[in-house]
Colleague: 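My questions all concern the structure below.
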Amino acid sequence: ALRLSYLRAGGHDPAILDQLLHLQLEATVLEKGTAGLRRGRRMAPEAPLAVPAEPPGTGTQGLDAALLAVELENWRLEDEVLALKVRRERRADAGSRAAQRHSEELAQLQAEVGILRCHAEQTGPQLSPPVLPPPVALPLPP
C-alpha cells in the first residue's frame, strides 16, 4: 500500500522503490511466518525467519523483487478495474431506478385520470344554465 501510494503520488526514485520492495519482501516473509504459527504449525527454533540481508536487485532476489513489483502492479490494476465496474453498475442502477420511478409516476397519473373520468361520467355534465342577456330595447306598445 505504501509503494502504491508513493507511485500514485508521482514518486519514481529507483532507490526508494527498491527500499519499498525490500520492506514488502520482509513483510511478506513475516506474514507467512505468522500465518504458519496461527495455523498450528510451529517453526523450529533453529529455523529463523528468512529476511533478505541485502536489498533486492541481484540474482534470484532481484527476480523475486521484480515478480513482486509486477504482482503489486497487477493488484493495483485489478483494484482499478473493480472500482470502474462498481461505478458503472451504480450508474446503471441509478438509471434503472429513475426509469422505474418515472413508470410508477406515469401509472399513478393514469389511474388518477381514470378515476376523474369515472367520477365525471357518474355525476353527468355540470354545465350551468344559460344566462340570457338583458333586453336591449323596451318592448314596443301594441
Side-chain angles (χ1 to χ4, degrees), residues 1-140:
L2 181 62
R3 182 177 180 276
L4 288 177
S5 65
Y6 176 73
L7 289 171
R8 285 182 184 158
H12 60 277
D13 185 358
I16 292 176
L17 290 172
D18 282 344
Q19 287 177 338
L20 291 173
L21 284 175
H22 181 69
L23 289 172
Q24 178 65 37
L25 285 172
E26 287 182 30
T28 303
V29 168
L30 290 172
E31 285 176 354
K32 285 182 181 178
T34 306
L37 289 173
R38 274 191 230 131
R39 289 189 197 119
R41 294 184 308 187
R42 296 192 173 255
M43 297 180 72
E46 58 269 0
L49 294 176
V51 176
E54 58 189 38
T58 59
T60 58
Q61 288 179 348
L63 292 176
D64 289 343
L67 179 62
L68 183 60
V70 169
E71 192 171 333
L72 289 172
E73 181 68 10
N74 188 30
W75 287 344
R76 185 189 68 77
L77 292 172
E78 286 176 355
D79 289 344
E80 196 172 319
V81 167
L82 180 62
L84 289 171
K85 284 182 180 178
V86 167
R87 263 189 259 146
R88 185 180 348 146
E89 288 174 4
R90 284 182 182 164
R91 272 186 268 165
D93 289 346
S96 65
R97 281 194 303 267
Q100 183 179 2
R101 200 171 41 249
H102 290 305
S103 297
E104 290 170 356
E105 289 174 3
L106 179 62
Q108 183 179 0
L109 289 173
Q110 288 173 338
E112 288 178 15
V113 167
I115 290 171
L116 290 173
R117 279 189 183 146
C118 288
H119 183 70
E121 289 173 0
Q122 289 174 356
T123 58
Q126 299 234 340
L127 298 175
S128 58
V131 178
L132 297 174
V136 178
L138 293 173
L140 293 172

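Atoms considered below: every heavy atom in the structure, side chains included; atoms not considered: hydrogens, waters and symmetry mates.
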Colleague: Can you tell me how far CD of Glu26 sits from CG of Leu30, rounded to the nearest 0.5 angstrom?
Modeller: 7.0 Å

Colleague: Give, for atom CG of Leu17 and atom CD of Gln24, the distance between the pair rounded to the nearest 0.5 Å.
Modeller: 12.5 Å

Colleague: Could you grab the distance from atom CD of Glu121 to atom CZ of Arg117, nearest 0.5 Å is fine?
Modeller: 8.5 Å

Colleague: Report, one line per pair, each donor and acceptor closer than 3.5 Å where one atom sits in a side chain of residues 81-94; sequence neighbours left out.
Modeller:
none

Colleague: Would you please name every residue forming a side-chain contact (heavy atoms from CB on, under 4.5 Å) with Leu67, sequence neighbours left out?
Modeller: none

Colleague: Extract all donor-acceptor atom pairs below 3.5 Å that involve side chains of residues 68-77 and protein atoms in other chains or at least two apart in sequence.
Modeller:
| from | atom 1 | to | atom 2 | distance (Å) |
| --- | --- | --- | --- | --- |
| Glu73 | OE1 | Arg76 | NE | 3.3 |
| Glu73 | OE2 | Arg76 | NE | 3.4 |
| Glu73 | OE2 | Arg76 | NH2 | 2.5 |
| Arg76 | NH1 | Glu80 | OE1 | 3.0 |

Colleague: Between Tyr6 and Leu20, is there a donor-acceptor pair closer than 3.5 Å when you use the side chain of the first and the backbone of the second?
Modeller: no

Colleague: According to salt bridge (Lys or Arg N to Asp or Glu O under 4.0 Å), does anything in residues 95-107 pair up with another residue at least two apart or in another chain? List the pairs.
Modeller: none

Colleague: What's the spacing between Leu21 CG and Ile16 CD1 if we round to 0.5 Å?
Modeller: 12.0 Å

